[in-house]
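A quick note: this is a predicted structure, and the numbers were derived from the prediction, not measured. So you know, we letter chains A, B, ... as the sequences are listed, proteins then strands, and number each from 1.
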Amino acid sequence: MNPSFITDAQNTWCLGCGNFALQHAIKDVIFGLIKDGTPRESIVLVAGIGCHGKIADYLNISTFYSLHGRAIAVATGIKLANPDLTVICSVGDGDTYAEGLAHLIFAAKRNIDITVIVHNNRVYGLTKGQYTPTSPGKYHGKSTPRGISDDPPFNPVEILLCSGCGFIARGYTRRQEELTGLIHDAIVHRGFSVVDTLQICASFLDMTDMYNERVYVPDGHNPEDFAAACMIAREWDYDSDGPIALGTIYRKNIPTYESRFRVPQKSDVEKARSVDKIMRERS
Amino acid sequence: MADYSILIGGKAGDGVNRAGQVIAKIFTRLGFFSYMYYDYPSLIRGGHNYAVVRVADHPVGGCREGIDVLLALDSTTLRRHKTFVRNDAVILYNSDLVHDAEGTAIPLLSIITEEEGSPVMANTCLIGAFCKSIGLEWNFVEEVLRLELPHEVEKNLRIARRGYGAVPVEMRPEFLHLAQKGGDKILLTGNEAIALGMVAAGLDGYVAYPMSPATGILHYMAEIAEEAGVTVIHPESEIAAMNMVAGMVYGGFRAATGTAGGGFNLMVEGLSMAAMAELPVTVVLAQRIGPSTGTPTYTAQEDLNYAIYAGNGEFPRFIFAPGDAGQAYECAGHALRLSWKYQVPSLILTDKTLAEGTYTVEPSTLPELIPAQAITRIGPVEEYRRYSDSEDGISPYAIPGDGSVTIKVNSKTHRPDGISTDTPEGIAGCIDKQMRKLPAMRQEVSDLRPVIIYGNPDAEICLLCWGSNAPLCREVAGRLGIKAVQPLVMWPFPAGEVSDAVGDSWMVISVEDNYAGQLADLARHHGIRVDLHIPKYDGRPHSIDGLVELLWGVVA
């Protein structure tokens with residue numbers, strides 16, 4: 001591994017944080033992409049705000065450290081400006097399933113060719129332990145000391161399936177090799193892709209035992225079968241004790257947003273000429 | 001001096017705006033200057049809409065009192081505006097809806113029914129009648145209508161011709177006694193002028209969510225997108241728009257967005273981010289009246305303070321406030337260019353009066369805009385630092401994929417290499433670096449000659465105005481022999497130039513479409529005396545005569 005992929009920024013994630021595994025996976029995938037011919041400078045990572053966001057400081061590639069919930073909107077702009085770039089978003093579950101939910105759903109609806117990796121530890125870490133849209137019902141956060149059992153979590157995989165998302169996978173940070181493969185597949189997929197990644201928060205919500213017991217890779221699942229994808233998505237609702245399927249849940253090829261909405265670029269001279277022409281036609 | 005006002009009114013959906021535009025176009029083609037004010041409530045069908053087209057042999061950008069021609073598609077129009085018509089006014093009305101009225105009866109509905117036209121074509125019929133009433137040759141009318149009504153041309157022409165024939169004689173022939181030359185004059189709304197100005201300055205992307213009165217930019221930009229080479233996107237919200245623009249700018253697009261105050265509320269989060277990340281985003285803030293949703297379709301100049309202070313934290317920015325379509329074109333270009341030069345956000349403040357008003361512009365008088373270009377092409381360098389410091393605070397701007405460099409852009413306080421920092425030196429250094437741009441930005445504003453003086457420069461009474469009030473104050477100053485001063489750039493505030501322009505006037509009066517006198521306060525804050533504020537906050541622009549009347553007590 002090329003050591004220059006990590007910056008000199010001091011790492012401040014907690015010991016045992018799932019973000020380490022995610023950072024390694026993302027770094028490995030990027031390293032592989034570069035080895036396969038993608039220019040390093042054409043890869044851009046956009047982060048939101050939260051513990052996950054620090055990956056922007058730690059990875060020594062081009063990054064846009066954006067705002068809480070806004071990474072996907074920013075990434076959409078980047079991809080529209082330059083479709084040749086490989087644009088990856090690292091986002092948190094509090095970040096993208098709460099404040100950024102509209103951007104997530106709309107990006108799926110549009111099918112912009114970016115990849116969203118959700119660092120889903122199901123708790124707000126950096127603001128110290130409040131519940132997120134995917135926190136289990138029994139979770140007692142600092143802002144919800146009586147729990148949220150009447151406010152069950154979102155099932156983001158189901159939301160994405162309903163939103164027309166063309167690539168949905170679920171990974172787990174303790175299945176490193178598999179996770180790396182999913183992130184790679186998501187990035188090379190042409191269109192919007194999401195990897196909902198289960199990770200633990202070592203300080204506020206360590207679900208290692210629960211995940212280790214329940215995760216599995218379904219046998220013979222055909223990710224192109226939407227009905228089968230829905231079945232798998234509903235097996236576990238992020239609250240109950242159902243089996244937790246990992247892997248590519250759904251995959252479909254759809255024309256990308258940038259191929260439909262980006263108009264051919266014009267030079268400054270051509271733009272000035274267009275303005276002249278428009279004005280002449282109006283006289 | 002030729003100076004006429006034509007009012008056409010009807011219900012929403014009657015095509016009043018379009019009809020007004022066509023009338024303005026007719027006069028622009030005849031060589032006059034036109035200005036159109038369009039008044040409409042926030043509804044889709046029904047209600048009362050009207051357009052006032054002011055026609056003169058000199059540039060105009062406001063309405064005066066008195067109507068010379070009243071064109072009524074319905075009875076409400078007659079009822080609402082009859083008291084404002086002059087004694088010798090021409091009145092043409094739809095006699096299928098209005099009975100026993102003074103003026104010339106045109107059976108608009110009967111004509112369209114006979115010609116199998118759609119109801120909206122009543123406006124075409126009335127335009128035909130109007131053209132006859134002022135003595136225009138049919139050939140000329142036909143020529144303009146062919147260009148202006150491209151759908152169902154023949155039917156429209158037949159209907160217009162019937163209207164033309166329904167008027168027995170020409171009634172206001174002096175309309176045409178004026179020297180007429182076509183020239184290259186064109187009609188532009190403030191919104192269209194801004195769109196074209198930004199394209200001329202090299203705009204690559206426009207992302208906006210619809211909101212009156214800025215929507216016209218989005219519509220027009222979408223219409224000319226292919227021709228202009230601009231990627232135009234209507235996303236899920238203003239929040240998305242602003243953040244997409246920031247992303248586009250990072251990706252190398254010169255990009256902008258536009259909205260009104262309520263949408264700007266949502267964009268401010270992204271505006272702060274763009275400032276911290278030193279991304280050149282341009283935002284058009286088209287003002288309308290009231291906090292919150294206010295009154296969607298009426299005018300105000302209430303967001304000057306907001307524009308200056310919008311965003312958390314402190315950061316430099318440019319704010320332009322054009323007064324008419326020509327200035328809007330120019331300011332849009334400067335905003336985009338200077339935003340890129342200094343890698344700071346820029347705002348263009350307009351208002352409903354300007355944004356949706358239509359102005360005659362002479363393209364030959366518009367300045368040639370220099371395309372925004374601040375991307376430093378980075379060669380193979382050892383180490384690129386996105387925020388490397390310099391004497392003027394401006395760092396090399398590289399875009400991803402351009403050279404083999406790593407570009408770290410950050411919404412958080414950052415080191416020169418773009419990595420977050422919270423050390424005392426790091427925080428202060430980040431702010432110092434950005435604020436170091438200010439002296440050069442101030443100089444840049446001075447170089448633009450940011451303050452315009454109208455009327456008698458030696459007069460002892462001075463009007464201080466901004467935005468769409470500038471053309472009104474120009475006329476008022478001319479009429480009263482006083483002076484009017486308009487800062488075209490509001491931030492960095494050109495205090496020295498405003499002060500020089502005001503000079504030693506013994507009375508300085510601010511004219512603004514707000515309650516508080518926001519420009520007056522800004523001027524005072526910079527040590528410029530303002531004695532009186534003439535406020536207007538009923539959503540309607542001043543009329544020239546109304547303003548003159550208000551000033552008589554003071555000036556005489």
Q. What's the spacing between Phe64(A) CZ and Ile407(B) CD1 if we round to 0.5 Å?
A. 12.0 Å

(Q) Heavy-atom pairs under 4.5 Å with chain B - which of Arg273(A), Glu270(A), Gln265(A) has more of them than the others? (A) Gln265(A)

**Q.** Atom group of Ile61(A) that falls short of 4.5 Å from chain B, counting heavy atoms
**A.** backbone

**Q.** Greatest number of heavy atom pairs closer than 4.5 Å to chain B - which of Asn82(A), Leu80(A), Ile43(A)
**A.** Leu80(A)

Q) Should Phe106(A) and Ser237(B) count as side-chain neighbours, where that means a heavy-atom distance under 4.5 Å? A) no

Q) Would you say the side-chain atoms of Ser411(B) pair up with the backbone N or O of Tyr65(A), donor to acceptor, closer than 3.5 Å? A) yes

Q: Using the salt bridge (charged side-chain N to carboxylate O under 4.0 Å, His left out) rule, collect all pairs that involve residues 41-70 of chain A, keeping only residues at least two apart or in two chains.
A: Arg70(A)-Glu99(A), Arg70(A)-Glu269(B)

**Q.** Interatomic spacing from CG in Leu101(A) to CD in Glu236(B) - rounded to 0.5 Å
**A.** 10.5 Å

Q) Do NZ/NE/NH1/NH2 and the carboxylate oxygens of Glu227(B) and Lys277(A) come within less than 4.0 Å? A) yes

Q: Pick whichever of Asn60(A), Asp84(A), Val46(A) has the most heavy-atom pairs under 4.5 Å with chain B.
A: Asn60(A)

Q.
Under 4.5 Å from any heavy atom of chain A, what part of Arg386(B) do you find: side chain, backbone, both or neither?
A. neither

Q. Would Ile49(A) and Lys412(B) count as a side-chain contact (heavy atoms from CB on, under 4.5 Å) if you check the C-alpha gap in whole Å, the side-chain angles of each, and the deciding distance to 0.1 Å?
A. CA-CA 9 Å; Ile49(A) 294 289; Lys412(B) 298 169 72 185; 4.1 Å; yes

Q | Euclidean distance, Ile278(A) CD1 relative to Leu196(B) CG, rounded to 0.5 Å | A | 5.5 Å

Q. Between Lys79(A), His103(A), Lys109(A), Arg262(A), which shows the greatest number of heavy-atom pairs under 4.5 Å with chain B?
A. His103(A)

Q: Output the residues of residues 203-210 of chain B for which the shortest heavy-atom distance to chain A is under 4.5 Å, in residue-number order; output 'none' if no such residue exists.
A: Leu203(B), Asp204(B)

(Q) How long is the straight-line distance from CZ of Arg282(A) back to CD of Glu148(B), given to the nearest 0.5 Å? (A) 8.5 Å

Q: Name the region of Pro264(A), side chain, backbone, both or neither, that has any atom closer than 4.5 Å to a heavy atom of chain B.
A: both

Q | Inter-residue atom distance Ile233(B).CD1 - Thr76(A).OG1, 0.5 Å rounding | A | 9.5 Å

Q) Given Met273(B) and Val74(A), is the side-chain contact (heavy atoms from CB on, under 4.5 Å) satisfied, shown in steps? A) CA-CA 11 Å; Met273(B) 174 183 75; Val74(A) 168; 4.1 Å; yes

**Q.** Proximity breakdown for Tyr257(A) and chain B, heavy-atom pairs closer than 4.5 Å
**A.** side chain

**Q.** Portion of Val199(B) that has a non-hydrogen atom of chain A nearer than 4.5 angstrom
**A.** both

Q) What part of Ile370(B) is in contact with chain A, defined as an atom under 4.5 angstrom from a non-hydrogen atom: side chain, backbone, both or neither? A) neither

